[in-house]
Amino acid sequence: MNELTRGQELELSADGVPVTRLRLGIGWDKEATAGAMGTGRPDVDLDASAVQFAGQQLFDLAFYNNLTTRDGSVVHLGDNLTGRGEGDDEVITVDLARVYERVDAIALLVSSYQGHSLEWVNGAYCRISDDADGQDRELGRVTLTEGVPHTGLVLALLVRDGASWRLRAIGEGIDVTVPTESVEALRPFLTGA
């Protein structure tokens, strides 16, 4: 397993063979006092999203209110309202072999639908696993140890590279509450994709 830092890239292959089925586990913890009466710290509900781009244009997206892209390649497995519990809080599966050929990048982000700052979030991560046979073998992980003073966080970018794909760690905050409004904020990350 590879721990990626901002700007690092990981070729999505296992033993030299391109990976085609991914499981993107996204998790976060809130600060211990977030949501407690009298602290002034909100109880933050984060939402994971995958936004597909063809060049600089939005192609499709999967999120809590649109669970599957039109081509069926990206599927959001459901909304977690609290971030409580161990392990992944939300999961998105991606079948790279089914991604429409014009799509060359898929941005992975979390955002606060309620517009809360993510300063109250700790340990956000996106882990990428090879899910070809249901074994969930982790290939890489992007971890953020501190919250950001924004309502959204771009975790990573899946980038088409000929017949294969690579993962680029981003880990930067953006101001967005719902993914349908994220396109302009995500475009700067597509440069060089």
Side-chain angles (χ1 to χ4, degrees), residues 1-27 47-63 66-77 88 90-111 124-144 148 152-174 176 179-193:
M1 190 274 296
N2 295 307
E3 179 71 38
L4 303 174
T5 58
R6 288 181 181 138
Q8 283 188 310
E9 292 192 359
L10 172 69
E11 184 178 332
L12 294 174
S13 63
D15 300 322
V17 177
V19 173
T20 58
R21 296 186 57 84
L22 296 175
R23 178 181 178 89
L24 308 170
I26 299 168
D47 298 305
S49 305
V51 183
Q52 294 180 326
F53 285 90
Q56 292 281 315
Q57 299 301 312
L58 171 67
F59 185 79
D60 206 351
L61 59 152
F63 66 109
N66 184 59
L67 297 177
T68 306
T69 56
R70 291 183 306 267
D71 62 9
S73 66
V74 181
V75 179
H76 188 296
L77 298 183
D88 301 333
E90 294 191 10
V91 174
I92 296 174
T93 62
V94 181
D95 185 344
L96 295 170
R98 291 181 64 184
V99 174
Y100 189 70
E101 63 189 30
R102 286 186 44 219
V103 172
D104 52 15
I106 304 171
L108 308 171
L109 67 138
V110 293
S111 60
Y125 69 85
C126 176
R127 65 182 199 90
I128 291 75
S129 301
D130 180 353
D131 198 34
D133 56 9
Q135 294 299 309
D136 193 25
R137 286 180 304 281
E138 192 166 315
L139 301 169
R141 177 182 292 248
V142 178
T143 303
L144 294 129
V148 295
L153 181 65
V154 183
L155 292 164
L157 191 67
L158 293 170
V159 180
R160 190 185 296 266
D161 189 8
S164 62
W165 290 78
R166 55 191 156 85
L167 173 79
R168 180 183 304 150
I170 304 291
E172 291 188 33
I174 58 174
V176 64
T180 53
E181 299 170 356
S182 67
V183 175
E184 288 305 315
L186 291 172
R187 281 194 176 118
F189 301 105
L190 300 175
T191 304

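Judged by distance alone, with hydrogens and angles left aside, the side-chain atoms of Q8 form a donor-acceptor pair with the main-chain N or O of T5 at under 3.5 Å. Panel note: side chain R23, backbone V91; no donor-acceptor pair is recorded below 3.5 Å. The backbone N or O of F59 sits less than 3.5 Å from a side-chain atom of R70, completing a donor-acceptor pair. Between the D161 side chain and the R166 main chain, no donor and acceptor come within less than 3.5 Å of each other. The closest donor-acceptor contact from the side chain of D95 to the backbone of G72 lies at 3.5 Å or more, if one exists at all.
Atoms CG and CD, from L190 and Q56 in turn, are 5.0 Å apart once rounded to the nearest 0.5 Å. N2 CG to L10 CG: the interatomic distance, rounded to the nearest 0.5 Å, is 5.0 Å. Atom OG1 of T68 and atom NE2 of H76 lie 10.5 Å apart (nearest 0.5 Å). Rounding to the nearest 0.5 angstrom, the gap separating the CD atom in Q57 from the CG atom in D104 is 11.0 Å. Between the CZ atom in R21 and the CZ atom in R98 there is a gap of 8.0 Å [rounded to 0.5 Å]. Atom-to-atom distance recorded for D71:CG and E101:CD is 11.0 Å, nearest 0.5 angstrom.
Across L4 and A169, no two heavy atoms sit closer than the pair CB-CB, 3.9 Å. For the residue pair V176 and S111, the shortest heavy atom distance occurs at O-CB, 3.6 Å. The two residues C126 and I26 make their nearest non-hydrogen contact at SG-CG1, 4.2 Å. In terms of heavy-atom proximity, I106 sits nearest to A50 at CG2-CB, 4.0 Å. Taking both residues in full, the closest heavy atoms of G171 and R6 are given as O-NE, 2.5 Å, listed atom of the first, atom of the second, then distance. Here the closest heavy-atom approach between residue A105 and residue L157 is recorded as CB-CD1, 4.2 Å.
When side chains are defined from C-beta on, V99 counts as touching R160, because their heavy atoms get closer than 4.5 Å. Annotation: side chain of L22 is in contact with side chain of L158 (closest heavy-atom distance under 4.5 Å). The side-chain heavy atoms of T69 and Y100, taken from C-beta on, include no pair separated by under 4.5 Å. Using a 4.5 Å cut-off on side-chain heavy atoms (C-beta onward), D88 and Y125 make contact. The shortest distance between side-chain heavy atoms of V19 and W165 does not fall below 4.5 Å.
Of the charged side-chain nitrogens involved, at least one lies within less than 4.0 Å of a carboxylate oxygen, so that E9 and R168 count as a salt-bridged pair. Using a 4.0 Å cut-off between a side-chain N of Lys or Arg and a carboxylate O of Asp or Glu, R137 and D130 qualify as a salt bridge.
Remark: R187 engages E184 in a salt bridge (Lys or Arg N to Asp or Glu O under 4.0 Å) (not counting sequence neighbours).
There is no side-chain donor-acceptor pair under 3.5 Å between D131 and S129. Remark: the E11 side chain and the S164 side chain contain no N/O donor-acceptor pair separated by less than 3.5 Å.
For the side chain to side chain contact (heavy atoms under 4.5 Å, CB included) criterion with D60, the lone passing option out of V74, N66, V51, V103 is N66. Put simply, the residue from L186, L155, L153 that forms a side chain to side chain contact (heavy atoms under 4.5 Å, CB included) with L109 is L186.
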